[in-house]
2 protein chains.
Amino acid sequence: MAVGAGNRNPEAGPASQQDMRRQNLAVVLGTVADAVAGQGPLSRADVAGLTGLTRAAVSSLVDELIGRGALTELETAPSGRVGRPGRALAVSSCGPAGLGLEVGVSHLGACVVDLRGESRVWRRVERANAGRPARRVLAELAELGAEAQAEAAGLGLHVEGRVLAVPGVVPTARQGLIEHAPNLGWHAVRPADHWPDPDTVPVPENEANLGALAEYWQAEHGAETFVHVSAEAGIGAALIVDGQLFRGARGFAGELGHIPVDPDGVPCPCGARGCLEQYAGEAAVLREAGLAATADPVVLLADRAAAGDPAALRALDRAGRALGLALASAVNLIDPDALVLGGAYAELGEWLLPAVRAELAARVTVRPWDPEALHCSALGRRGALLGAALLTVRRIIADPTLLPVA
Amino acid sequence: MAVGAGNRNPEAGPASQQDMRRQNLAVVLGTVADAVAGQGPLSRADVAGLTGLTRAAVSSLVDELIGRGALTELETAPSGRVGRPGRALAVSSCGPAGLGLEVGVSHLGACVVDLRGESRVWRRVERANAGRPARRVLAELAELGAEAQAEAAGLGLHVEGRVLAVPGVVPTARQGLIEHAPNLGWHAVRPADHWPDPDTVPVPENEANLGALAEYWQAEHGAETFVHVSAEAGIGAALIVDGQLFRGARGFAGELGHIPVDPDGVPCPCGARGCLEQYAGEAAVLREAGLAATADPVVLLADRAAAGDPAALRALDRAGRALGLALASAVNLIDPDALVLGGAYAELGEWLLPAVRAELAARVTVRPWDPEALHCSALGRRGALLGAALLTVRRIIADPTLLPVA
DNA sequence: GGTGTTTGTCAGGGCGGAAAACAAATTAGT
DNA sequence: ACTAATTTGTTTTCCGCCCTGACAAACACC
């Protein structure tokens, strides 16, 4: 009898038969979606065996999922085993899809991901968005999104949800509001107020959170609980706990940038002293490396480091040690399966990782710690946009009744 | 569409009608249990209105809950309102109960809590358990537990589960094993191997976790997400996230004691430098205050501080500042609703709180922070034993089918 | 005492999964 | 080539659970 086992959330309302159906639809669809990589396509009987449902129940559920366009029956391939061969099931590669949109400081992006999680349309254009009026930026993004949606329609995909990744604070309580995006110069922007077409308004979400979710949904490491660090302007961490994004009581969880790494160190604009951001933030690293801010300072820094520039290497080493110190606190508190460096950090990983690893090894001592648990994201800066599109897809897989019954 | 909304755990198995029934039984019982304090006892119709279930369904569920001994029908009191008066429902004060057991360094404890969460039997005896063979300690505890259970039987209570609070590591993976309890000198102790009566073997659980759960279940502050700090020999934190104990990927979450508060500070036996434990741990505070270890050093320290001893006050201030620094990291990462000082810290709160508050105010700057969110536990050192008994009770409320149908 | 209101229960129906039987499609064996 | 064995997918029957609607019971108000 482990603590927490069986302690379902008492706030959850009563269960109805529709909830049961919904849950079982999700179980069947999720089983097919997750097992694709495993051992070839599944049949109804396979799904029944894996889930514990009856073949009859699975048949009924699969019929409904096909009717909603979530599943497809493939051509039956000879299996070689004795007995009647099963009809192969697969998540539809044409049909429902998710549209992801992104506003960055220097770019706009749009992508469409199908139910299998594969990116089918990808658009990215460079734009200097800082300081531009939100209305203009969003109008241009809407255009880009419409193009992507049209291209997806040509592939047989139908967009079922739209999510907008923004580098800013999107409070949990006030749906649809971008409270503050310092790098863009946005305050209290509500996309719905500026979007040209009221039928295609996207839901905003913080880009670091989306990047972490993309990492969880797509990455190879099967970590269910991990910390995803991303540095754009500030240093933010997104916490994935048991496969769920953890936002904290008020949505401010993961403020890694203001963890104290040197209690009496340099003052930070936030008012405290010795915040991580003053040691491992973009501005601090550039200053230490003796570089001026440019259009893409991350690439510049990576080039200098690759060329063996001692100042750049020293700056990155110092940043890595500070980051490692802060992450040691995170490991001690959260005990994650993995630590993932994403966003800009992913591209500097080669020079950051040794210092971070060394600091972690020295500071995480009271539990087993695998150095390989710290690694760089394979998605890099694509994570946020991918996550935005995947969010819709994963919501559909978690609740296929969101799809129209056709 | 908030991130995480509707993302139910895909690992969850299929739902059956029994699951639905179980859930609805829990909803009804939980509604009656939680609303007792609100506005007098509830009737079936009240429960139906609160939960959204039909009166007919509630009737059926209530009948089953009465049959299992979880609910009781009270004498109908005149309500004064028009219409047929409802039959008042209440959680049984006699019937199912939870037994809590505790092994401390200097005491043994046992208590019985009824389904309402009220402590009905409380036993605590002083014993120097450090270094004694586990078999002897557990035999004596079993005796104490049997006495408590007998006394509870006299009150009409029937013990449905037994939980043992221990100051040590109880891994999630290996059920029923106390891996290591340094203060007791125990290694790899499995209570089942030493318990006299195989029918009453308790399940061990870490006392800090249980203290935090007791705080959550009993405390007035309605925080769903908080950090509960307890200092016995080491400094441990238990994290309650959305009303659930968060253990981390491997069960090591909450190691507050080894968060670095001074990166190049004094070396710690763990191998790192500047760990919180070296500044705010019991041994460090006593040393700083110029006191020798005694039977109950916490009381000694509190006496000195109350008397205005400058060394004691200085030591507590230093500890408080170090604790505040570490907690600032926790707040930045977790964004909890509250921070609770429990265990021995609760008794020293008067002298610790100002320094902790000051440090938090200086370090938690990038979000709203209410100084009152930090407070001391009202349960103090009773929390662990209470939590052990409550764990069974809360499990029953979360799943009433655990009770025999009578 | 009659009326209106609220409560608790009962009967009927629908929904959804389980169990068992059955038809279909393939391989293995002779 | 033909039968037996095996596995799959569907059909049928059954059961559990909640919902809808109706009804008796118990109170306040007039």
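Model, not experiment: these values are computed from the prediction. By convention in this document, chain letters (A, B, ...) are assigned in the order of the sequence lines, proteins followed by strands, and residues within each chain are numbered from 1. Hydrogens, waters and symmetry mates play no part in the numbers below; they use all other heavy atoms, side chains included.
Side chain of Q218(A) to main chain of L390(A): no donor-acceptor pair is present (N/O by atom type, distance under 3.5 Å, no hydrogens or angles). Looking at R21(B), its side chain never comes within 3.5 Å of a backbone N or O of S16(B) through a donor-acceptor pair.
Comparing G83(B) and S59(A) by the nucleotide of DNA chain D whose heavy atom lies nearest to each, the residue mapping closer to the 5' end is S59(A). Nearest-nucleotide positions on DNA chain C place L25(A) closer to the 5' end than the other of V82(A) and L25(A). If you find the closest nucleotide of DNA chain D to Q17(A) and to A88(A), the one lying nearer the 5' end belongs to A88(A).
Summarising the geometry, the separation between CG on D63(A) and P on dG16(C) is reported as 13 Å, rounded to the nearest angstrom. Between the CZ atom of R81(A) and the P atom of dA25(C) there is a distance of 18 Å, given to the nearest Å. Across the protein-nucleic acid pair, L61(B) atom CG and dC19(D) atom C1' stand 13 Å apart, rounded to whole Å. As rounded to whole Å, 11 Å separates atom C1' of dG16(C) from atom CD of Q18(A). Remark: P of dA26(D) and CD of E73(B) are 13 Å apart, rounded to the nearest angstrom. Rounded to whole Å, the distance from CG on D19(A) to C1' on dC17(D) is 13 Å. Following rounding to the nearest Å, R87(B) (CZ) and dA25(D) (C1') show an atom-to-atom distance of 11 Å.
Distances shorter than 4.0 Å separate none of the side-chain N or O atoms of N24(B) from OP1 or OP2 on dC17(D).
A donor and an acceptor atom never sit less than 3.5 Å apart when one is taken from the side chain of R21(A) and the other from the base of dG16(C). R84(B) contributes a side-chain N or O that forms a donor-acceptor pair with the base of dT7(C) under 3.5 Å.
Two residues are said to be in side-chain contact when any heavy atoms from C-beta on lie closer than 4.5 Å; R120(B) and S93(B) meet this criterion.
Residue contacts shown for S60(B) are absent, as no nucleic acid heavy atom lies under 4.0 Å away. T54(B) comes within 4.0 angstrom of a base, heavy atoms only. Heavy atoms of R44(A) sit under 4.0 angstrom from primed sugar atoms or phosphate atoms, though from no base atom.
Side-chain atoms of D46(A) lie closest to dT8(D) of the nucleotides dG17(C), dT8(D), dT26(C). Set against dA21(C), dT7(C), dA26(D), the side chain of A45(B) has dT7(C) as its closest nucleotide. Closest contact between the side chain of M20(B) and the listed nucleotides dC17(D), dG9(D), dG8(C) involves dC17(D). Distances from the side chain of A56(B) to the nucleotides dC18(D), dC10(C), dG9(D) place dC10(C) closest.
Under the 4.0 Å criterion applied to side-chain N and carboxylate O atoms, R247(A) and E205(A) are assigned as salt-bridge partners. Between R44(A) and E73(A), at least one side-chain N (NZ, or NE/NH1/NH2) sits under 4.0 Å from a carboxylate O, which counts as a salt bridge.
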